[in-house]
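Basis for what follows: all heavy atoms, side chains included, without hydrogens, waters or symmetry-related copies. What you see is a predicted model; the values in this text were computed from it and never measured. Quick note on labels: first sequence line is chain A, next is B, and so on, each numbered from 1.
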Amino acid sequence: MTFQSNKFQETTMKYQYLKSLEADSIHIIREAVAEADNPVMLYSIGKDSGVMLHLALKAFYPMKPPFPLLHVDTTWKFSDMIKFRDETAKKFGLELLTYTNPEGAGNKITPFTHGSARFTDIMKTEGLKQILDKNKYDIVFGGARRDEEKSRAKERVFSFRDSNHRWDPKNQRPEIWNLYNVQKKPGESIRVFPLSNWTELDVWRYIEIENIPVVPLYFAKERPVVERGGQLLMVDDDRFPLEPGEKPMMKIVRFRTLGCYPLTAATESPASTIEEIVAEMESSRMSERSGRLIDFDQSGSMEKKKQEGYF
Amino acid sequence: MDGILKFLTCGSVDDGKSTLIGRLLYETGNVFDDHLETLKLESARIGNADGKIDYSLLLDGLMAEREQGITIDVAYRYFSTTARKFIVADTPGHVQYTRNMATGASNCDAAIILVDARLGVLAQTRRHALICSLMGIKHILFAVNKMDLVNWDRFRFESIRVDCLKISEDLANLNLKPDDFTCVPVSALNGDNLATMSNITPWYNGRTILNWLETIKSVSDNSEKDFRLPIQYVIKPGMSAERWLSESLESIKPEEQKNFRGYSGRVASGTVSTNDNIIILPSGQKSSVKSIYIGDTTAEKAIAGDSISITLKDEIDVSRGDCIAHEDSRPELSDQFKARIVWMDQTPLYPGRMYRFKSSFGYAMAEITHIANLIDMSGYQKLSAEKIDMNDIAEVEIKISKPTPYAPYKENRETGSFILIDRITNATSGCGMIEHSLRRAQNVHWQAIDITRESRARLMGQKPALIWLTGLSGAGKSTIANIVEKELFALNRHTMLLDGDNIRHGLNRDLGFTETDRIENIRRIAEVAKLMSDAGLIVLTSFISPFRAEREFARSIMPDGEFIEVFIDTPIEVCEERDTKGLYKKARNGKIPNFTGINSPYESPESPEITLETTKGSPEELAGLIITYLKDKGII
């Protein structure tokens, strides 16, 4: 068990630029922690969270990162994700907080009954705000990248939130050089995105050379799926309501992005190793979030969600 | 790959910045198929390209931007070609969003400035060229866009090129001449001369934009300069290390873990190796490098750009904001600079007002002591000015509260730059680039004074404090302050009361009542009160002191717990009715300009130590509350 890698040195010639991305991100993480009263790292179990955590382990080595991990659990994550989450926290001896909006307890709120927009609002955005308020976190790390989506491309690395967690995209603080303004008043907070300048391909190349463990769902395997609206959805457990005539079929699929299983489409792909994923990425003609159903609810939907406090 | 090239697109509104980037992404195969499908649908619905594909929609991601067809904030896009990887900042053209343009420019090595071929060089073109150059961008390309709309008129292009050359010459007069300066005729919409040479311009034998981007000689390299490591964070695993991840710590022996001190930061310039002799600034302590960690791996040396932590052979005190340098090439320290600043706040900058200063070497308090001049945007002429408004660029003299290591900005961006933060709103109000020091800090240490403020206070047998009364004219400040001072005197305390009578007629008789003068008035009072408290006195001040910023300044220069803000809370109607000096009447008749509460604002304290409502108690009772507070806090 180790998170250091010699492969980095070997491949630095090929991926020289990853070294500068890594150094930038570590600088950001240290700067945020140095000025935080009560920091927390949002850990959403995906590949980006994995890279962010890896960078945090490096930033404070040989000290344990001085903040807990937080997972806002919608109760609809893939079961493999939850397993991976608990293993990761245990492996690194990190404090892991999980929180679920009590409104959703007992499956009262589901993506099937309430629609993806309402579900995401209650279980993710509201849940996140509740726990941030409860524990009074002032610096919140997130693994979002600017290349994911157009409104993210506009966001600062240190993104200020008012006491209602609102983002004001039309009035962001100027962010000059790497001199981040971390000043805030009680109740206000700052979301910090250390991976802002990473692309999806950068993330996979870094995972490759650093040997970072990721959820097995990223690798191709035969899995039970149904086709719905042109998308392949995985039947992860028996809560998945099958429509008349629908029958799960076994297909070799993998996931390019991971979220709640009813809201995340699989792609047909044979890539079953990191190297194959990187190779697939390098030739891919489709964007990453094309498999994220919540982004298609309406034009500008991510921006609206972010203004409400979504990550 | 040859590192990452960071560049921006800028220029005036509607010159086609977003379209150019969108088209460049498309031409280089960096647009995903599903995005292209969405783009086609959106172009038909909300596009501004006459039914053709509107590539700007790939960039403008905010709803307000898409609705209005403008760019408000900087968007970052990432693409690569076989030659290189790029990060492009697409910045807004409107004057009111200049701060977002500056945000984009601050981290870039190259700039593409767009010029509309129909309109030629505009004031905004020159403004952006100036900001790019101020930010240290040495590679500038002028893309003369929309050439299709002037029928690819070669002479039109040539005349614009001459205007662009003039910009370069004018920048040279400010010592900001670009190294690399070129002009390309393009049509961003149609892709001419972007990625491939267009057949339509046989008369143009220069390069395409993409070729220029791919061949810019690398990116700023600071590794040959003197070694500077600004300390961000001190890593102290303590006992937790043994319990945490013991296997990964095999390189560190258990007994070393307990005392491990990793001084972490990003190397701003130069190279450091193990066993190098180093000096810590500003303390001046010396040691040598025991080990270097890049992430979790030990290394023999590290260079500019690496995020590292180092351990030292001696146990010495190093903290955030300190600078580690080689002993034989230490940086200069100074607390007064000549600097160029870009102002980004709605509230203008006035000389004398205090701001929070942040550089790679941490925080300090800062004051602009003098505005040397504004740089006018179109002619780059230097103009004199009393204040600096939003989007102005100015040359100023700045004084900060502690000596800081520095290098001129043009030598090193990371150790020559700073931002100014408003202490009330926390806004990033301005950014600055150090030109040179105005005075070398004489010593690495502050002059150590043998007689300390503590010893002076001890001799007087009391604790010093500054009791700051603030409130409207006629609120009752002086009445209450007088009673408090008498009571303290009766308790054998050494006191001093500062009020309008003993300050306005002497020390501050050169000051009037304009906003600038009122700021300076309070600044001097705060400094005098601070000196008197250093002498051991309990100081009372009784001034309207209407602005939060100045009261916060007074608080900031006093030790914690020694500044007691007392808000004399009297409604203006009551003050006006009392009108003990007849001033409200005069002000209402327009005979007194800038009268607080009438035609000049009063900013109430947000969290004063004491609030006294004069409508709810006699002056004696209220003075008694101050005495009680002082007793509770152990001051008397």
Among B:Thr425, B:Leu58, B:Ile419, which residue forms the greatest number of heavy-atom pairs with chain A at distances under 4.5 Å?
B:Ile419
In terms of side-chain geometry, is the basic nitrogen of B:Arg320 or A:Glu35 positioned less than 4.0 Å from the acidic oxygen of its partner?
yes
Tell me whether B:Asn30 contacts the main-chain N or O of B:Ser80 through its side chain, where contact means a donor paired with an acceptor under 3.5 Å.
yes
Honestly, the part of B:Ile308 sitting under 4.5 Å from a heavy atom of chain A is backbone
Which region of B:Ser429, side chain (C-beta onward) or backbone (N, CA, C, O), has a non-hydrogen atom less than 4.5 Å from a non-hydrogen atom of chain A, or is it both or neither?
neither
Select one option (side chain, backbone, both, neither) describing which atoms of A:Ser25 are under 4.5 Å from chain B's heavy atoms.
neither
Cut-off 4.5 Å, heavy atoms of chain A, and the answer for B:Phe79 is neither
Below 4.5 Å, heavy-atom pairs only: which of A:Lys185, A:Gln172, A:Lys154 has the largest tally toward chain B?
A:Lys154
Output yes when A:Glu200 and A:Arg256 qualify as a salt bridge under the 4.0 Å nitrogen-oxygen rule, no when they do not.
yes
Using a 4.5 Å cut-off on heavy atoms from C-beta on, say whether the side chain of A:Leu55 contacts that of A:Tyr206.
yes
Between B:Ala75 and chain A, which part of the residue has a heavy atom less than 4.5 Å away: side chain, backbone, both or neither?
both
Is the number of heavy atoms from other residues, nucleotides or ligands within 6.0 Å of OH (B:Tyr409) greater than 12?
yes
Could you tell me which portion of B:Ile424 (side chain, backbone, both or neither) has an atom closer than 4.5 angstrom to a non-hydrogen atom of chain A?
backbone
Among A:Asn197, A:Asp147, A:Thr199, the residue with the most heavy-atom pairs under 4.5 Å to chain B is A:Asn197
Relative to chain B, which segment of A:Ser20 carries a heavy atom at a distance below 4.5 Å: side chain, backbone, both, or neither?
both
For chain B, which candidate among A:Glu188, A:Lys170, A:Lys150 shows the most heavy-atom pairs at distances under 4.5 Å?
A:Lys150
Go through A:Pro174, A:Pro169, A:Ser151, A:Pro66 and name the one with the most non-hydrogen pairs under 4.5 angstrom from chain B.
A:Pro174
Quick test of your reading of the model: are A:Arg191 and A:Glu155 salt-bridged, counting only N-O distances below 4.0 Å?
no
Please determine whether the number of non-hydrogen atoms from other residues, nucleotides or ligands lying under 6.0 Å from atom CD of B:Gln346 exceeds 12.
no
Please look at A:Lys184 and chain B and tell me whether the side chain, the backbone, both or neither of the residue comes under 4.5 angstrom of a heavy atom of that chain.
backbone
Interface moiety of A:Asp24 toward chain B, non-hydrogen atoms closer than 4.5 Å:
both
Does A:Glu282 pair with A:Arg205 as a salt bridge, N-O distance under 4.0 Å?
yes
Sorted by chain and number, sequence neighbours left out, side-chain hydrogen bond (donor to acceptor under 3.5 Å, both in side chains) with B:Ser319 holds for none
Below 4.5 Å from any heavy atom of chain B, which atoms of A:Ala34 appear? Answer side chain, backbone, both or neither.
both
So, the part of B:Val267 with a heavy atom under 4.5 Å from chain A: the answer is neither
Answer yes or no: is there an ion pair linking A:Asp202 with B:Lys85, defined by an N-O contact shorter than 4.0 Å?
yes
Applying a strict 4.5 Å limit to non-hydrogen atoms, the region of B:Leu420 in contact with chain A is neither
Compute both the distance and the angle, then confirm whether A:Arg30 meets the cation-pi test with B:Tyr233: under 6.0 Å from the six-membered ring centre, within 45 degrees of the axis.
no
Side chain / backbone / both / neither for A:Leu21 at chain B, heavy atoms under 4.5 Å:
side chain
Interchain contact, B:Arg356 with chain A, by part (heavy-atom threshold 4.5 Å):
side chain
Please tell me whether B:Ser291 and B:Thr311 have a donor and an acceptor in their side chains that are separated by less than 3.5 angstrom.
yes
